[in-house]
Number of protein chains: 2
Amino acid sequence: MTTSVDTLIHAGWIIPIEPENTVLREHSLAIRDGLIVDILPTKAAQSTYRAAAEHRLTQHVLCPGFVNAHTHAAMNLLRGIADDLPLMAWLQNHIWPAEGKWVNEEFVYDGTRLAIAEMLRSGTTCVNDMYFFPDAAARAYKESGIRASIGLVIIDFPTAWARNAQEYIDKGLALRDHYRSHPLITTALAPHAPYTVSDEPLKRIRVLADELDMPIHMHVHETADELDQSLQHHALHPLERLQRLGLLSPRFLAVHMTQLTAHEIKLVADTGTHVLHCPESNMKLASGICPVPALLDAGVNVALGTDGASSNNDLDMFGEMRSATLLAKVALRDATAVPAHRVLRMATLNGAKALWLDQWIGSLVPGKSADLIAINLNRIETQPVYHPISQLVYAASRDQVTDVWVHGKQLMNDRRLLTLDEQSILSKTQEWRQRIGGQ
Amino acid sequence: MTTSVDTLIHAGWIIPIEPENTVLREHSLAIRDGLIVDILPTKAAQSTYRAAAEHRLTQHVLCPGFVNAHTHAAMNLLRGIADDLPLMAWLQNHIWPAEGKWVNEEFVYDGTRLAIAEMLRSGTTCVNDMYFFPDAAARAYKESGIRASIGLVIIDFPTAWARNAQEYIDKGLALRDHYRSHPLITTALAPHAPYTVSDEPLKRIRVLADELDMPIHMHVHETADELDQSLQHHALHPLERLQRLGLLSPRFLAVHMTQLTAHEIKLVADTGTHVLHCPESNMKLASGICPVPALLDAGVNVALGTDGASSNNDLDMFGEMRSATLLAKVALRDATAVPAHRVLRMATLNGAKALWLDQWIGSLVPGKSADLIAINLNRIETQPVYHPISQLVYAASRDQVTDVWVHGKQLMNDRRLLTLDEQSILSKTQEWRQRIGGQ
């Protein structure tokens, strides 16, 4: 007697993330109603289950999809418009003027679709986004079938999306209500940064987060400059100011965190604050180095994000994993820092934890949602295979991702996107390129 | 009247490297007898030349092939066998024992073929190699049609290749004589490192280099540990010892150089010594950070290399360019350090200069050899295109290389290797994986 399931995937290797640093050789994974129902040796699977869809991926690793814990998806349309500049010159002279001129609902919808295509093609199945017109982004996410946490952006100054902090909050909460029961879309309060949001809206955000049980997603301690400014205006480091405002807690997701004293690391650990590490953005903008090993040692949950494509310039979690471990090693002069299996966990389970989704995603465990990816290791670039986790982190590239599922639904099959039309996305992108102009 | 050429390539963009930071839109490149004969607007090209082979690569960038200025190609067979370890533990407990057991002529031939396939697939057209059994490596290079500088390795201790420094030198020189008139293969004297080669052979190497007009390729100042040891044994930093032995000169190619005082930077500049920078290897082994901006400012020629696949763990010059610029920026806290066009030059022309091949390769200039690559930018990951150089360095990946030519001969066409059989290389690699065993 065999049991009926929806999908059965036979993989060369399964890396479940839990338990950490585990590789299962020639195992299979069974999916029913969007959930993982079993993981077992392929031989046993064949006599236990019959499936509507069966996939033989014997040269492939099957692992949880990546959780890109911080990005600004729509900024994909500004990829490479300005490089080799420090944060404030880049923002003030290039990004903010371009955004002021071009960002509207259509820009965000089209840019988010370009970003989703890039993320699915590189194995990301869940993204934590923060940008203007989150309603347009949410529509793009919903149509694509990817899982997303939509940041309800809040900033003191007026943009095309809202006129003041109150309007940002009101529009955000309306969006939250609209998506409250969507199975794949969640929302987070997203005050932009300590230097762009004043105390009053931050207090309101804290109350709302408590009342509505929502995460707070915010850039914090990105540059030394930010700390200097805060000392001038508030006579406090931003983190201390946020602590006094009552924001630091397991609800709080602090992005970047490149400047941290030992005391502040303890504060982050004690309050259960999550850290979203974006190593390539921090390197490219010369912002600084987040002390990841010290944070992990203190028990802080550290997840990984790409940041937006205009500061990275891609949404590739393979690159981000590699940069995270290489940067940690050289910064500490310790080659054992953040080993491969640890950074793979940061890119999956730790991201799920930060978004409060680890009950559902981030590892391959029966009962969790079937959000998973297959990576073909039978390539010149990833042979021979001594340790599959080493190959994923130190040798594989995004184009080796062949198949992607979110909640059991296949979104990419042998590199073909099933819910998005690549050609129409490329055409739309080229239209925007013509419109935005420049060199 | 049209002029006859062998090959005419119509490209969306040509990046010639000389002049620096130049992009030619809709230009074409004509090849005859292996050499570039003209670069001109596509419209003019169509009325000027007729070609036996014509390529329309209108969505592509055409640029010089990468020069991988430092690798140990055959070590591809040990890719990922041991990670997350510091240099000496990694060498002494893993790499040297595995090499002692497995390295022979067959290993080097098969491993080098795997490496060549990886390099061609990622746009490298010239490589500076250093490994045992250089005769087997040279055979693999010759058959593939790639351009190579073969390091004639010299080390104090016995290996399967030679018993002592004298035998290493003798065997190396025999190999040099064998390939003296080969159009694509050159040789370099390759003493392994200051801590593995004693003064007597180094003196002999210096004399030979002068007499035979050969470059010297050597690991130098890779780790702080190397400096400490040298102070103990010689009461000198390795660089100073090499200077006293007369080795530092425009013939000398110093790999790694992560530990340098201001005085040593000046010494390197004054002697015309080249620096071969391997950022990912230095990060992964936590060796340190080569002060690239200071070296460039001092007028030193700095080229880029991947190092061997067992310490990197790939031979991908796209990744190496990105890591080089990102690391320089964050190390100096200067986002303007090593801009995109500079690192692209390091990966091409500076490598050619280090190998004394810049008369022939490293930039697209009429009269130089047609060693070039095409990269397709019409992908989700590299759209929109505001600045093609930014896309190459900050967003493109190795799989976007579609076509490769060396000395006018096409070695890859639309991702299909023309001189190597990928399937047989994969099979051989898997045979070695079985033999070497392990987890």
Side-chain angles (χ1 to χ4, degrees), chain A residues 77 79-81 83-87 90 114 117-118 121-122 224 280 282-289 309 312-314 316 319 322-323 326-327 329-330 332-337 339-340 378 380-381 383-387 390-391 394-395 397-399 422 425-426 429-430 432-433 436 438-439, chain B residues 77 79-81 83-87 90 114 117-118 121-122 224 280 282-289 309 312-314 316 319 322-323 326-327 329-330 332-337 339-340 378 380-381 383-387 390-391 394-395 397-399 422 425-426 429-430 432-433 436 438-439:
Chain A
L77 286 178
R79 189 202 306 275
I81 203 166
D83 299 301
D84 304 321
L85 294 168
L87 179 68
W90 174 78
L114 177 63
E118 182 179 353
R121 282 166 54 89
S122 53
E280 293 191 357
N282 298 157
M283 294 172 87
K284 184 150 178 283
L285 296 165
S287 304
I289 300 176
N312 184 315
N313 298 349
D314 60 39
D316 176 8
R322 201 165 314 162
S323 293
L326 295 185
L327 181 62
K329 290 174 195 315
V330 79
L332 273 187
R333 299 292 191 274
D334 176 3
T336 68
N378 192 29
I380 293 286
E381 290 75 12
Q383 289 290 330
V385 179
Y386 296 99
H387 302 288
S390 167
Q391 299 300 58
Y394 293 122
S397 55
R398 58 190 177 195
D399 57 296
E422 266 190 54
I425 291 172
L426 286 171
T429 303
Q430 277 159 14
W432 278 104
R433 171 66 184 82
I436 294 173
Q439 184 193 304
Chain B
L77 286 177
R79 188 202 307 275
I81 203 167
D83 299 300
D84 304 321
L85 295 169
L87 179 68
W90 174 77
L114 176 63
E118 182 180 353
R121 282 166 53 91
S122 53
E280 293 191 357
N282 298 157
M283 294 172 87
K284 185 153 180 280
L285 296 166
S287 303
I289 300 176
N312 183 316
N313 296 348
D314 58 42
D316 176 10
R322 201 164 316 162
S323 293
L326 295 186
L327 181 61
K329 290 175 196 312
V330 79
L332 273 187
R333 300 291 190 274
D334 175 3
T336 68
N378 192 28
I380 292 287
E381 289 75 13
Q383 289 290 331
V385 180
Y386 296 99
H387 302 288
S390 166
Q391 299 300 59
Y394 293 122
S397 55
R398 57 190 178 195
D399 58 297
E422 267 189 54
I425 290 173
L426 286 171
T429 303
Q430 276 160 13
W432 278 105
R433 171 64 185 85
I436 294 173
Q439 184 192 303

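Just so we're on the same page: letters track the sequence lines, and every chain starts at 1. Keep in mind that what you see is a predicted model, and the values were worked out from it rather than measured.
The minimum heavy-atom distance between A:Ala286 and B:Ala335, with the atom names listed, is CB-N, 3.3 Å. Minimum heavy-atom separation, A:Ser390 to B:Gly80: OG-CA, 3.6 Å. Looking at every heavy atom in both residues, A:Tyr394 comes nearest to B:Asp314 through O-OD2, 3.8 Å.
Test A:Arg79, A:Gln430, A:Glu118, A:Arg433 against B:Gln383 for side chain to side chain contact (heavy atoms under 4.5 Å, CB included) and you get one pass: A:Gln430.
The candidate from A:Glu381, A:Glu280, A:Arg333, A:Glu422 with the greatest count of non-hydrogen atom pairs under 4.5 Å with chain B is A:Glu381. The most heavy-atom pairs under 4.5 Å with chain A, out of B:Leu77, B:Leu326, B:Leu426, come from B:Leu326. Each of B:Asp334, B:Val330, B:Leu85, B:Ile289 has some count of heavy-atom pairs under 4.5 Å with chain A, and the biggest count is that of B:Val330. Ranked by heavy-atom pairs under 4.5 Å with chain A, the first of B:Leu285, B:Leu327, B:Leu114 is B:Leu114. Listed options B:Ile425, B:Leu332, B:Asn312, B:Asn378 were ranked by heavy-atom pairs under 4.5 angstrom with chain A; first place goes to B:Asn378. The residue among B:Gly288, B:Ala117, B:Ala340, B:Pro86 with the most heavy atom pairs within less than 4.5 Å of chain A is B:Gly288.
Residues B:Asp316 and A:Arg322 are not paired through a salt bridge, judged by the lack of any N-O separation under 4.0 Å between the basic side chain and the carboxylate. Using a 4.0 Å cut-off between charged nitrogen and carboxylate oxygen, A:Asp83 and B:Lys329 do not count as a salt-bridge pair.
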